[in-house]
Every structure is written in structure tokens, then in C-alpha cells.
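Notes follow the structure.
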Amino acid sequence: MKEIRFHGRGGQGAVTAATLLAIAAFKDGRFSQAFPKFGVERRGAPVEAFTRISDRFIRRKNAVYEPDILVVLDSTLFDLVNVTDGLAKGGQVIINTEKKPEEFNIGGAEVSTVDATSLAFEILGLDIVNTSILGAFAAFTGEVRKESLCEAVRENFPQNLAEKNVELVERTYDKLIEGER
Amino acid sequence: MKEIRFHGRGGQGAVTAATLLAIAAFKDGRFSQAFPKFGVERRGAPVEAFTRISDRFIRRKNAVYEPDILVVLDSTLFDLVNVTDGLAKGGQVIINTEKKPEEFNIGGAEVSTVDATSLAFEILGLDIVNTSILGAFAAFTGEVRKESLCEAVRENFPQNLAEKNVELVERTYDKLIEGER
Amino acid sequence: MAILGLPEEEYFSYGHRACAGCGAAIALRLITKAAGRNSILVEPTGCMEVISTPYPETAWKLPWVHGAFENPASIASGICAALKVKGREDVNVVAFGGDGSTYDIGFGHLSGAFERGHNFAYICYDNEAYMNTGIQRSGSTPYGAATTTSPAGKKSIGKEVWKKDLVHVLAYHGSPYVATASIGYPTDAYKKIKKAIETKGPTFVNILATCPTGWRTPTEKSVEIAKLAVETGVFPLYEIVDGRHSINMPKDASRLKPVEDYLKAQGRFRHLFKPERNDKAIKYIEERVKENLHRLTQCAEKCF
Amino acid sequence: MAILGLPEEEYFSYGHRACAGCGAAIALRLITKAAGRNSILVEPTGCMEVISTPYPETAWKLPWVHGAFENPASIASGICAALKVKGREDVNVVAFGGDGSTYDIGFGHLSGAFERGHNFAYICYDNEAYMNTGIQRSGSTPYGAATTTSPAGKKSIGKEVWKKDLVHVLAYHGSPYVATASIGYPTDAYKKIKKAIETKGPTFVNILATCPTGWRTPTEKSVEIAKLAVETGVFPLYEIVDGRHSINMPKDASRLKPVEDYLKAQGRFRHLFKPERNDKAIKYIEERVKENLHRLTQCAEKCF
Amino acid sequence: MIDFEKIKLKVNDKEVTIGAVLESKGSTEKTKTGAWRSKRPVIDYEKCVGCGICWSLCPEGAIKKRPDGKFEINLDYCKGCGICANECPKKSITMIIEEK
Amino acid sequence: MIDFEKIKLKVNDKEVTIGAVLESKGSTEKTKTGAWRSKRPVIDYEKCVGCGICWSLCPEGAIKKRPDGKFEINLDYCKGCGICANECPKKSITMIIEEK
Amino acid sequence: MTKKIMEASHAIAEAVKMAKPAVIAAYPITPQTHIVEKLSEFVADGETEAEYIRVESEFGAISACLGASATGVRSYTATCSQGLALMNEVLFIVSGMRLPVCMTVVNRALSAPINIWNDQQDSISARDVGWIQMYAETSQECYDLTLMQFKISEDHRVLTPSMVCLDGFTLSHVYEPVDIPSQKKVDEFLPDYVPYHAILDPEQPLTLGPIGFPSEYMELRKSQVDAIENSIKVIEQVYKEFNESFPVQIKDSRPEEYLHVEEYRMEGADIVLIAMGSVCGTIKVVVDKLREKGEKVGLLKLITYRPFPRETIKKALKGIKKVAVLEKAVSPGGDGPMYCEISSIFYDEKEKPGLRNFIIGLGGRDVTFDRIRKIYSMTKGDKGEKQEWVF
Amino acid sequence: MTKKIMEASHAIAEAVKMAKPAVIAAYPITPQTHIVEKLSEFVADGETEAEYIRVESEFGAISACLGASATGVRSYTATCSQGLALMNEVLFIVSGMRLPVCMTVVNRALSAPINIWNDQQDSISARDVGWIQMYAETSQECYDLTLMQFKISEDHRVLTPSMVCLDGFTLSHVYEPVDIPSQKKVDEFLPDYVPYHAILDPEQPLTLGPIGFPSEYMELRKSQVDAIENSIKVIEQVYKEFNESFPVQIKDSRPEEYLHVEEYRMEGADIVLIAMGSVCGTIKVVVDKLREKGEKVGLLKLITYRPFPRETIKKALKGIKKVAVLEKAVSPGGDGPMYCEISSIFYDEKEKPGLRNFIIGLGGRDVTFDRIRKIYSMTKGDKGEKQEWVF
Ligand SMILES: Cc1ncc(C[n+]2csc(CCOP(=O)(O)OP(=O)(O)O)c2C)c(N)n1
Ligand SMILES: Cc1ncc(C[n+]2csc(CCOP(=O)(O)OP(=O)(O)O)c2C)c(N)n1
Ligand code: SF4
Ligand code: SF4
Ligand code: SF4
Ligand code: SF4
């Protein structure tokens, strides 16, 4: 089982990202679970969301303490909260940033970065990065298929936003797979 | 221990009578208890109230089923409810009526009557018989002293009514004791 | 068959356990006549509920439900919704309760039901106190009246604040029909209740109903006193239809009987006269009655 | 020290957890400034309670108590009584809650407290929905607004009934002072709240407070939109002092901005314009806004 | 339709209905509340004009229209409040004390 | 007066107060909500006339009067809503994107 | 000190008056009305300084008490049945805020069907709300426990609201002898309320009723539960102090000594009935009669019910062969509430009594001598089911 | 039949929609909101014929359901915590009137201090109200039990309202796979509600909610208690029918067969943990791990809590050495509610397990693997007090 923790800010869509990931994994024929960190956080405040992916039905309902993969939607969060808290040994970290992975020093973890903000601006004209970073997640971890992600986005976004976001997932994914960056 | 049941109609003062009797008995240095039959009865409907008198503190809190003495404030109640229900063998019945005791046939019980209505009209100018009948109770049963009854009335009636009612108690008592009727 | 404009048929049976001379029982007869056979009745806890359904007996001849003391308007909401889904919106839903339920403990729920706009009529039989529990003050108890929780005493003149103006309060909930009525004028009351029931949306009638036990009045005077309340201006009769007032009583204050006549007739105001006359309180009541009438007349003429 | 007529001192501290651009937080600053140091505050459950007291932190610098969602007015009643007995009637008792508490679940208790006549001020920060639980409709939600329990959909245009007129409803409770205010006009709001607090008896101010999260508006527009509500006549500003109205905004409807400007500025009304324009609903809103203003003006001129 | 036989239950030695449901049949008429009365209304049919005011105001609904258009009192339920007597415009009703 | 030391209890490994009572000291200031911000207001003091409108409207109370009569923003708490910039009559406040 | 004969309701009103609460907020409900009416009279006649808030509902009553108590004054309310159920939400809040509000519950059955008569379903179903509960058998106990409840609730080690429960009508409306001590003695026993942890006062601004996160909520709850658990000792102390200050004046009108339980003729008993409230008086009479016939039977009357005096009960029942738990409440679909609690006390014991559960007196069904005798003989003869309803 | 991944809240909303209630009346409260928001969407989009009453409070919600149910239609509400507490009075009334109202309770802690997170104090403290209660572990169980509750409550032998309880957030806000059957199959399983004893209809005027005198009240209560007791059999039947109509589609997302309890790896177990709700999923994982290490441990998950399935539990625990009762609720001043009830089951047994009580997860305190392991080892090693709070 893989446990994934998303870090974002209230309103940024971290919870949606976690959910979409779970849906996509389910479409892949796997089992998954997604839930937010249950808080009273308002727009702007740091939030967390979780996805678990496994090959069996996931029974546990406790919190995620030792995530295998971290997804950070907003790199300023590093100054705010202990993002890497509990990160499993040999864990992976995916960060939305212009910076290079080398610029982050996260003891032992494998860091990947993606400039999701630029991609989102380019395609959506908006700073909403949650679908882009899911594309990156697929590319970096291989835990979910791009196609399933796209399907999940298509089914769960309002019509007017769905296609753009599908494009964003694909663009991000393709770009990273092709190692263009 | 003596158990006394009062029968009257809502608004007639049967509950007050039972209470006054208990107070008077307490003044006599005895122990007593009084309570109404707990109902939703409205003005005019038949009601019952109870007094227990004893030489020890009365512990029981159950209903009275086999009264030793019945006090009937309104003889029309005989047609309405089973007044003598449960009356203990050798029990006593005191009835407010113009009739003679002989006119009542209550198997085995000792019946006494008093025309409390006339006395009440005479002294209070009103058809409120509860104090008069208490005077009769004292006279017929000797279970309570007239003086204590008067004191109880004095302490528990509004000033403007107290003296007249004391007079009524005394008049009834004296009249019956003197065997005038 | 109608008598005096009222249907002859009775839906509220004798044998009920109300006190002799109960004004609210008169109100119930009028309400049920206005509602008619095709109705569902809802009633909160209170005198009229207690006296009408001593299991296994019931005084009702119409569908009738009682839940709690607070919630007749909410229960009515549920009934309205159910009827809608069943396609039975022809059935009248009529809730009625005492002033304790209506003005106080149930008012939040009544307000909610009016805000939502259900199609039902709510009638308050207003006997101006909690009678079922032994005459305690309610939001509807008039200023100066003695009750068991607002007794007159060395430091108290009885109820210390004015009666809540629930009729206007509900009018301002946007109700298309609110009105006052009195058991002293049964035909008028019947018509108003009927109008309330026939008007679509949440409607309200406040019907003054003497309680001889609580007001400490002779049983035979129940109707006379309910009339007097109107004739003295203490309890004006009016309707507010879609926000427009219309008064159905003399608007001319000089033609009214003295307020004192009304107060003096009732034991609950006795302390205002005995042991000595409380001029201040009596005057205050008189003036405020006049002022209220004045406002009402103004509204009827000029405003809404 | 005062700035723009407002005391400089803050009693509601930063670090609270409200959303950026929260209009209710602005209202709280104004309320606490008007109350001042010698006050006790009461607040029901709601956004402003949740964001201000994350144990072991608190944003308050004044005595403050929260009990439940329904009962700020009742708690305030208890405080008033306690202060009376303690001979500390100089202390201001100020309760404030969102519209959910005030218009709906707590309204029965608010009504009761007004009927009893306690000496306290009740301020509703009116963000027109239950925000704390995620934008559900309340009795104060305006007609046509989409919320999560009155979503726009194939069979729904959002909230289907008009906003409850709580200000008049409370005026008819005999309150000596009720008023409307808007965070768009902080000095006016401050003065009204202060007046409410200083007036003896139960008083009420309803202050419109934009919720960018719930109204789906840009955070920087919170104040602008709260002004627009007034400028378009959707949310008129007025006071009712001892039953007399006075309006403090243009009474001339022709000088108002178009209601549409207000609606269009907010995501919660978007469905009235997209995918296609719902002329009927927009027109209905415009007309009813006009009618309300007309009534209000009439009242101010002629009636009470 | 609710079948009342079906919803009766015997508990202890009492028969009760599920949820205490009752048929709205005005069954309080089983209880003759006339017994509460201490005064009784008597109509003088000489005076009575059959206006029906007494009928409209009786809290018990204990007054019925007769075939002749006048009204009569059902003493089984009349509680003797005296409203009818007080309100009769023709003063045709007298309250007399019940025999004891 | 309540002595806060007295009403503290140690339960498990946490210190809590009886009834969760707190001193009203504005202790939320411990939490620097400025961190939530994604845009930051910058005042152009050339344009600012010190009217105080921004001060009166900031939901955070994060604007303070300076000794020179003009106003400054406490970035520890400013959440970057932009109300001050939007409402400033002199347009002297600009919102700029926070560095990431 | 005056010996008077008075209604239990009035005895309570007297006790409340003499306890000098600053604020009374109550809503009428049968059979509590006589208490609040009496208090209203006291207020109207200036016999007490208390402010009486004539609230619009019981929800308002308990909330107003919350507000008053938070302002640092003694506050009081009374209710029952539907009213107590309506307060439910706020009952939890008052105890969680640790406000020492005091209440009288005049036990009455719950709707539906609506019924104004006595059973104890109302307060028993409020056994989780975190309030102390004590049950009175007599008017004297009503008076005494009412005085004591203020002292207990306000004790700085306790700070927990309390209910004194008495049976509606069956006790509340009964006139019987009561000894009322002098105001001076009462004042000595019960000093003014001094707030310890909470007071709304501009002099020292406090925040009451904040949001408790998962990181602290459980500790806060534990501290509350500890307080009510520990109150068992404080209650004992207060009982003791009361016993010393106010010795029995009217024999049999109360226990010689207040303790969590009253053991009645339990010496050498084989069979013990357990009960609470006024029915204990009736049971005592039956016990006497049975003892006369040589039956080895006693009564264990519970006075303190929350906190549940587990150790005391366990000790009292040591060596008893059979115990019948008489309850005026049920938990539909579960065993009798008190039965469960008593069985839990003995779970780990080797030696334990046979335990039976009898449901009695619901909705005003009178508990007669016969019914008590029947319970005794069923217990003795091991007849019937584990739980029996005695109609 | 569709397998979908969805929030438990939405699974419930789906089930409610497919059960076709005529009237929904609900008031928002975290964490129940997602259910009612979803239902609002269905209504707004015409996906259900139901009337949704946007009441002004939970008291209004349950009262409106009462009214609707009395009019002879299926009615539904959802709430929790403060909302459930506010309904308290009417909960008793609905069950006393025998109206089959169905409710979802999204378990949340009670104030004070206010806390929106999960524990089960709210519904546990409503265990006396005469409603059936069932607890769900997974989203699938939420869906399934919601369908079943209508069938159970409306059964003519039962006519008792019911609550399906699920843990707030911990389950309600979790997306996980759920199988949703076709409307056709649902309709077959759950026919329309046919009133049996109560309907407000001018065609046959009935009186509902009369006053019950002492002469009948107790019998009326008994008939109600009997109905909920007897429902144990009806629930079994409905479980069985459900098992047959809807076989498991997603392995492990629900028990292979619905029964009052789910026995998890109890074969040969020495020690058994008892719990309800979502925590059972976490416990199962720990049990698996412990079993791997050779520990003889199992889990007894309660699904039906009211009526309390005494016989089933007794049978399931036969021969078990030690039992740990894990509860997300307390009764301050008394033992754990479930602990008491289980101890009462075994009172008369010779052979009975050692019984321990652990209070867990109050106010959203996460129940971690470590905490469960700790409970296991304390139970095994007989360490700590009879009742332990696991912080
Ligand atoms: C929650 C609750 N509180 C109190 C009561 C007690 N109670 C029953 S009826 C009643 C008074 C009813 O007064 P009102 O509504 O004016 O009707 P009336 O009795 O005057 O007809 C009261 C206080 C109750 N049944 N439920
Ligand atoms: C009895 C009860 N029902 C529901 C809730 C859940 N609840 C808490 S705050 C809230 C909405 C608050 O709305 P409002 O009063 O408008 O304040 P806002 O959040 O908008 O500031 C709700 C529904 C509750 N706490 N208590
Ligand atoms: S949701 Fe609205 S009211 Fe609540 S804190 Fe955010 S902006 Fe303010
Ligand atoms: S006396 Fe009263 S009850 Fe009898 S008939 Fe006349 S009005 Fe009716
Ligand atoms: S009111 Fe008089 S005149 Fe009229 S019908 Fe009755 S008895 Fe006859
Ligand atoms: S941007 Fe918003 S929070 Fe920041 S100072 Fe300006 S008004 Fe205050």
C-alpha cells in the first residue's frame, strides 16, 4: 500500500487532488481511499489531504502518519508547516515550484519538482494547480495511469472546466515523461 | 394509622380540606400526610384527596386504597363515582347533605351527615364547604382537635377569609358535638 | 346546514374535559367548523389537547395529531410536504395552539414555517397564559395581569411587560393573511379562520378566548368578557391582507367603553383596584391601549 | 484615540482564523469598538466563534462566552439578570451572531428575550447563509441565491422565498431601537451599534457582512459589494427608534444603482445570468426591492 | 385504511393500540360530563326565538337545533357554565341549581 | 479574580484549564496568519493621505496608525485580501504577488 | 428551626430561597409548577433578592442559568420530563463548561403518549450529561439535598452542575412534616458562591466556551469526568458536614446520617431490594411487614446516583444472596439502566448476589404494597424472567 | 450495479434517494452536511420526487418528519451531536408514536468545549430514546444499512424509527469503493411504505398522540419496548434478505453476511476486542498483524446496537478468555455504557470472559495502530485499571 499526503492551502484544491487520485487508481483496477485532514481551516490556511492506494480493499480508517509520497502544491508551505513530517524512509516528494529538485534538501527523500503554476497559467489562465500536479504525480511515481486520471477529471469537473484540465494533466505528464524540463 | 379520603368536585376545596386536616393533626403533635389524587381534572369534575394520620412519621407514598374514613363534600358524587370503593371494614363516612345518615345505605359503615352547605351559606354567604366539613370531621371522629383545625385555617387562609372560616369550623363542630341537629 | 353562518356539523365532540365556560373550547368549535371535513388538525400540548384526548377517548372527529408543546408548526410543515408529494394539496392543514405554545416555546418553529411559506393556517386560541399547567404568564399575558409566575405582590404588579404583538410580527413574516378575532364574535371569527384556511400560504388568526379559571371570571361571563375586550379597545379586531390593514371595530376611540370595565371584570386584575387603586398602572394601560389603536388606525388608513 | 470616528483600540485580535476578506470580521471589529472595555460579549456557534477561539488561543480581549448555536439571547438574559443582582448594570451586554443563529435556530429565544425586555444589544452579522458549515441557506438568504442546500438546478432557482424581514419583526417586539447597517459604511454602522448598546432595553442591529467564500466574490470586493447592496436598494439602511422609522439612504428610487449590478457581482447569483438570463427572476427581485423601499419610505413619512 | 382490530395489543390485562392511536370518532361522548354541573339551564320556549346564539357559544356543543327551529340542551354534556343564559338576547334561559 | 495557575490541570501529557477557560488576551496573535497570504499590500506613502479608511476596513485589524499619521501594514497578520487596496480612495495600495 | 408540614415542592422552594441564588430561570411544567410558583411569590413579595427570569422555554431556562453562572453568581432552575429533554443539549454544555448550576427535577414520564405522572425516565435518560444526580425519598430530603447540592456543585474540586430529583406528585405534591433550619445556620453551612475558574467580568476578561480541537478535547473531557468521579468524596464530606450541622429533628423523615446510600434493615438480610426516590418509603413499610413475618429482607436506597457510588454499593451488598433492582425507567432494546450499572460493579467479583430487574411505576402506575411483595416473592422464589415489568 | 469510489456521505445520499422518501427534513451540521447537500442537489435537479424541507433547526427537522410520517409517507432526516441532542425530546415522541422515521447520525462529539470531530457520545447518549441503532464501518455498509433501515423500521412488526450511525469525517468524508445496485433491485427489496397503524387522512380520521393515563401508559410503553425487542428477529430477517439480494461485490467492503455482529478472526481467539464503527477497519489491520505474530486475537464488531443483540454477543464470546470493550463514549460518573451492557449479559453466567473497558477516540482523537496494540497488550497483560482512557 502507498500512502500519499497532499499539502496545499485552503481553496487550492488539495482535497480534490487527493480524491481524483483515488478515483483514478480505482479506475486502474486498484483499491484506494481519499480523505482530507479534518479541520476548520479557512481559505488560505495550510491544509492536508490523503490518498491511499493498494491492491486490496483498504480497511484502515486511521490517519496517515508515515506517507510514502508527499505532494506539495505550494512551496511556500515549507516555511509554514513541517511538510516532511513522518515521511517514510526512501519516500518521494513532488513539489510545485520553479526550482530544481537539488535546491531542496530533504534528508534521504527523492525530490521531484514541476512548475505546475506556469503550466496552469498557460492552459487554464488561472493559478489552480491541482490537476497539473496530478499529471506530475503520474509521471514521477507511475502509481496511476494518465488515462485514468484524465477520465477522473472529465467525470468530476464541471463541463466547462473539464477539457482544459484534462489537457493540463496530459501536458504536464507528457512534458515530464519526455523529460523536457 | 388512619387513612382518610375526601371526595369533592374540582374547585370545591377537597384538596385544601385534606391538607388542612394534615396540618391540624400535625399541630396535635401527631404525624400526617396529605396529597391529592393526581389527575388532569378541571373545575367541576370529581376529585379526590387524601390524608393519613399516624403516631409515627408516615413513610409510605403509595395511594390510599382502603380508607378508614370517607369525607364526601357533595352528595351528588354518589351517582357519579364509586365513592365507597375500598372503604375499610368498620369504616366511617361523613357526608355533606341535608339528609339523615339513615337515608344512606353503606354496607357496614358508620355514616354521619352534616348540612355543611347551609352552614357555609349562613356564615360565609358562599357554598364553600371544606372548612365546615372539617369541623364535622373533628366532631365525628375525634381524630383531630378543633383548636388545631382553627389554627390551621387561620394560618393558611388569606386574612379576609380566615376568621369567617374559623367561625365556620367552630360552629359546625360545636353544633355537632352538642348534638343539636 | 348553517346557523348564524356557522355550519351545524360538529367535529369537536362533547364529553371533552374542559372546564365549564371554557372560551378556548368555543374557539375549537369554530376552528373545526371553519376547517371542515377535508382537514388535518395539529395541536401542541396545552389545555385543549389534554382535555380532548384522554386515551382511549378522543373528542375529535377529524384527523388530529399532537407531538409536543413546541412543534405544531413544524409538524404541520411535514404534513404539508407529505400532502404535496401525495398530490393531496386539497386537504386543509390547520394547526392551533394556546398562546404559550404560539407566542413562546413554539414561536421559533412557527416563524420558521412562515419563512418557508408552507400552505397552512395557524390559529392561536389566546387565553393569555399557560393554563394547562396552572396559569403561568406567557408572552401574551397582558400587562398587569396576575398569574402564578407573575403574581401580584409587595414588589410586583403582575406581568411587568406588554403583551407581545404577534399578529404584526407574523404579518412582517410576509404572511398573506393575519387577523385577530374573539370568541365574543363567533361569526366574525369563523369567517376569518375560514379565510385564513382558504388563503394560500402561511396564515394566522389570533382568537381571544376567555379562560374563566385563569382570568378568575364567572363561567357565564366568558363571552361577555371576550366582547368587552373588543369594545374597550384592549383587543382590537382587524385583518392584514397582503400587508394591508383593515379594522373591523369602531375606530373612533371616543365610542369605546372604558378600559377599566374590562379590567374590573376579572380577578387577574383585582390587585389593580384592591386593596387600593393603582392609578398609575391603570392609566398606563389605558394610554397604551389608546396609542395602539391610534397606530392601528393610522396603518389602516395610510400605510400597510 | 479615534480614527474616522472609530476608537483606535482593538478588542478583537489579529491572528484569528477567518478567511481573507471576511466581512463578518470587519463587523466584529466594529461591534467590539462600539461596546468598549466595559462589556460582556455573547456569541453563538458560527464562523466567527470558530475562527476566534481555537483553544488554547483566543482572539478576544473582552469577556466573551459561547454556549450553543441557539442560545446567545438566553445566555445574555442570564448575564443581564446576574449583573442586575450584582449591581453592575453599567456593564454592556452585547450578543452577536450570524444570521443562521439569529433568523432561524436562535430566533425563538431572541424573541423571548425581547419580549421580556432585558437590557442588551443584539447584533446580527448578516452574511446571509450558514457559512461555518459550508454555505447553507438561512432565513436571511436572499431570494434566488444559490447555497449548498438551495442549489440552483434544473428544478430550482436557488432560494425560493424572500429574505425574512427580521428588523421589522423585532421592531414589532416593541424594541426601542432597531437598525440596519452595512460593513460598507463602517462609521454609520459603528454609530448605530453604539446607539443600540446605549439605548436601554433590548435593541437590534442587522449588519450586512459580505462572505467572499459563500457569496463567491473576490476577497478584495467585500466592502465594495456591501456598499453596492445599499446603493442598489437591496439592503436599505434605516433605523426604527421607538417605532419611528428614519431612512439614511437615498429615498428616491431613481437615484439608486441597478439591482443587477449587485447580483452580477456575485457567484451565488450567477445562475440567474448563465447559461441564460432568467429575466423573470431578475425582474421579480427588482420589483420587490422597489416595493420594499416604497413601503419603507411610506413608513418613514407617515406611519411608524 | 387502518384496521383497528389489527392494531390492538393485549399487554398485561389491558388492551392498547399501537402508538396509542385512536379513531377520531368523538368517543369522549362516552363520558357524560353533564355530571359536573351544579346549575342547569332551562329554556323558556315562550321567549326563545330560535336565533341560535346559545348554540353558537356553548363550549360543549351541548345545544342542538330542534325540528321546530328552537334549541334544546343536551343535559348529558351541559356543564352548566351559564354562557347560554347570559348571552341569550331574549333572556329565555334560566340557570337553576341542580338538585342534590 | 481567577488565578490561571490554579485552574490548570495536567491530563495525559497535556495541560488543560478547568472548563477550557482562557484569558481574553488576544492570544491568537501567536499564530501569524500572514503566512496564508498569496498577495501582499504595499503602500505608496507618496499617495497616502492618512485618511484611515484602510484601517477601518481591514478584517484582520492588521493596519496600524504610524506616528506620522499615515498607516502601515502588519504583515505578520495581513492575509492579503486586498480590501485596503480596493477601498483606498487615493489608490495608494498595490497588491503584489508574494515571492514563493 | 421550624417544624412544619408542607408540600415537598414548597420545601424545595424554601431551600432555594434560603440558598440565596442570584438568578432563577425556569419554565413551568407539571408537576414542577408548585416550586416555581412559590419562588415567584417570594420574588413578588420581596422575600428574596433573586432575579426570576420567566423564560420562553426550558432551553432558554438552562441557557439563562449558564449565562448567570458564567457571570459568577449562583443560579437555579427546575424542570422535568419534556422540559429536561428539551434542555438536553445545554446540559452537556453546562457540565463541560464546569458551571455549578443547580436544578430540581420533579421526575415525570416522557411522551409519547404524553403523561404528566411519575417515573424516572427523564433524569435517568440524562445520566450521561455529566451532572451530579441525587434522589430524594421525603420532603425533608428534598430540602436537605437542595441545600447540599449548591455546596457540592460549587466546591472548587467539583465545579459540576447537579440535579436533585424527586418523584412528581407522589412526592412533590405530598404534604408532610419538614424541619426548616434557621437562615443563620443555613448561611453558615452554605457560604456565597465564589467563582473559581470562570467569571464574565470586564475586570479580568475571560473567554468561556472555546472550540476544543482533537489535540485537547479528550483531555478536557477526562478532566471533567475525573471531577465528577472525585466528587464522590466531596459529596461524602458535605453529607458529613450536613449531618453534623443539622441533626435529625423529625425521626424517619430522613436517614440518621446522609450517605450515598441508605441501608434499611439490611442486617442479616438475604434479599435486598434496590430503589431510588419516594418508593423507598413504601418499600420500607413492606420490609417492616416482611421482617415481622421473619423474612430476611432489606432495602438499599440510592441517594447519590451520579457519580454512581460503586464501592459503597458493593460493600453494602456484600454477602447478600439476592438483589432485586427496582427501576422506574427503561432503555428500550437494552437492559434496565441501573441493573446494567450494578451488574458492572460485580463483574469481576467471585462472590456476588443473584441479580434481578423489575420495572415499576412507569407513567404514574402506583407502586403498591402488593406489587412490592410480589417482587420480593419472585426474587425469593427465582420466578419469572431476568427482567420483569410489574404492572 | 455500479462500483464507484465515493464519499460515505454520498453513498448515504444515494441510498436515501433510491429509497424514495417523500419528505426529507434536515438541518445542516458538520460533518453531516455532505449528505444533505447532495440530497439538495438531487432535489434541485429533479432526480428525486422528495420534498426537502429546509427547517429552521433540528427540532424542526425531526418534528417535520413526525408530521410527514404520520401522514403516511416515508420520511428521512440526518444530523449529529448538538443537533441530535436538540432533537432529544422528539426522538422519544416519534418512537412512542411508533412512526418509522429514518435518520442518519454522522457521529460527532458533544460540546462543551465545542468540537466537530468524531466520537459516538451523541448517539450512545440517545440509547434510551427507543430507536433502533446500527453502526457502519465502511461506505458500503453505510449504503446497505441505510436501505435496510427503512425496511426494518417500516415492518409492521417493528414500526420503530431507526438511526444508522457512521463516524464523522473518519468515515463520512472518506472516499472509498462502493457498489451501488440498480434502482430496480432496490425497489424489489424495498417496496413503498404502507401505513399500518397511523395515517392522517380525512378518509379515516384518526387521533394520534393522545394523553396516556397511569391506567394505560405502562402497557403502551411495554408494547413499544416489546416491539423493539422483537425487532431483533426482524432485523435478522432483513439482513438475510439483503445478503441474498445483494451479494458482496467488493470484497472486504462489508461482511460477507450481515448479522448483528461481525466476527473477525475470532477462531480460536483468547482475546477479543469489541468495537463499533469505522475504527473496526483499523482494528482489523492490527488484528491481522498480531495474528501474524501468533497472537490469538479477534474483533467482535457490533452492527446492531439497539436492540442490543445480547444472545448473539453471548454466543460469540463463548470461551473467550479476555474481552476489551472499546468505546467512543462515556457516562460521566458511571462505567462505560457498552461495558455495562456487556457485563449485564454475562451476569448470570458461570463462564465468562475477563472484561476491560477502554475509552478511545473522543473528540476526534485518532485511534492509531499503536493505541490499538496498547489496548491489546494491556488486556493481555492485565495491566491498568478496569477502565482506561487511551489518549
Ligand atoms: C417542553 C415542554 N415544556 C413545558 C411543558 C408543560 N406545559 C404543557 S402545556 C403548557 C402550557 C400551555 O399553555 P398554552 O400554550 O397557553 O395553552 P393553554 O394551556 O393555555 O391552553 C405547559 C407549560 C411541556 N409539555 N413541554
Ligand atoms: C443545534 C445545532 N445545529 C447545527 C449546528 C451546526 N452549525 C454550527 S454553526 C452553523 C451555521 C452558522 O450560521 P450563521 O449563524 O449564519 O453564522 P456564520 O457561520 O454564517 O457566521 C451551523 C449550522 C450546531 N452547532 N448546533
Ligand atoms: S466563510 Fe465567510 S463568514 Fe466564514 S470566515 Fe470565511 S469569509 Fe468569514
Ligand atoms: S350552560 Fe354552558 S354548557 Fe350548558 S348548555 Fe349552556 S352554554 Fe352549554
Ligand atoms: S340564544 Fe336564546 S333565543 Fe336564541 S336560540 Fe338560544 S335560547 Fe333561543
Ligand atoms: S490586504 Fe486585507 S488583510 Fe491585508 S492589510 Fe489589507 S485589508 Fe488587511
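As the structure is a computational prediction, the values presented were derived from the model and not from experiment. Numbers restart at 1 for each chain; the letters A, B, ... are given by sequence-line order, proteins then strands.
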Honestly, the part of H:Ile62 sitting under 4.5 Å from a heavy atom of chain C is neither
Contact check, side chains of H:Leu200 and C:Ile79, non-hydrogen atoms, under 4.5 Å: yes
So which atom in C:Ala68 and which in H:Ile93 form the shortest heavy-atom distance, rounded to 0.1 Å? CB-CD1, 3.6 Å
At a 3.5 Å cut-off, give me the donor-acceptor pairs between chain H and chain C, one pair per line with the distance.
residue: H:Glu56; atom: OE1; partner: C:Arg116; partner atom: NH1; Å: 2.7
residue: H:Glu56; atom: OE2; partner: C:His109; partner atom: ND1; Å: 2.7
residue: H:Ser63; atom: OG; partner: C:Asn71; partner atom: ND2; Å: 2.9
residue: H:Thr71; atom: O; partner: C:Lys86; partner atom: NZ; Å: 2.8
residue: H:Leu206; atom: O; partner: C:Trp64; partner atom: N; Å: 2.9
residue: H:Thr207; atom: OG1; partner: C:Thr58; partner atom: OG1; Å: 2.9
residue: H:Leu208; atom: N; partner: C:Trp64; partner atom: O; Å: 2.9
residue: H:Leu208; atom: O; partner: C:His66; partner atom: N; Å: 2.9
residue: H:Gly209; atom: O; partner: C:His66; partner atom: ND1; Å: 2.8
residue: H:Ile211; atom: N; partner: C:Thr53; partner atom: O; Å: 3.0
residue: H:Ile211; atom: N; partner: C:Thr53; partner atom: OG1; Å: 3.4
residue: H:Ile211; atom: O; partner: C:Tyr55; partner atom: N; Å: 3.0

Option that, when pairs with chain C are counted at under 4.5 Å, heavy atom only, ranks first among H:Gly96, H:Ala50, H:Pro205: H:Pro205
Could you measure the distance from the CG atom of H:Leu208 to the CG atom of C:Leu41? Nearest 0.5 Å is fine. 11.0 Å
Out of H:Gly209, H:Cys65, H:Gly212, H:Gly60, which one racks up the most heavy-atom pairs below 4.5 Å with chain C? H:Gly209
Measure distances from C:Val50 to the heavy atoms of chain H and classify the residue's part below 4.5 Å as side chain, backbone, both or neither. both
Measure H:Ala22 against the heavy atoms of chain C and call it side chain, backbone, both or neither at under 4.5 Å. both
What part of H:Val55 gets closer than 4.5 Å to chain C, counting heavy atoms only: side chain, backbone, both or neither? both
How close do C:Ala81 and H:Ile53 get, heavy atom to heavy atom, and via which atoms? CB-CD1, 3.5 Å
Residues in salt bridge (charged side-chain N to carboxylate O under 4.0 Å, His left out) contact with H:Glu37, at least two apart in sequence or another chain: none
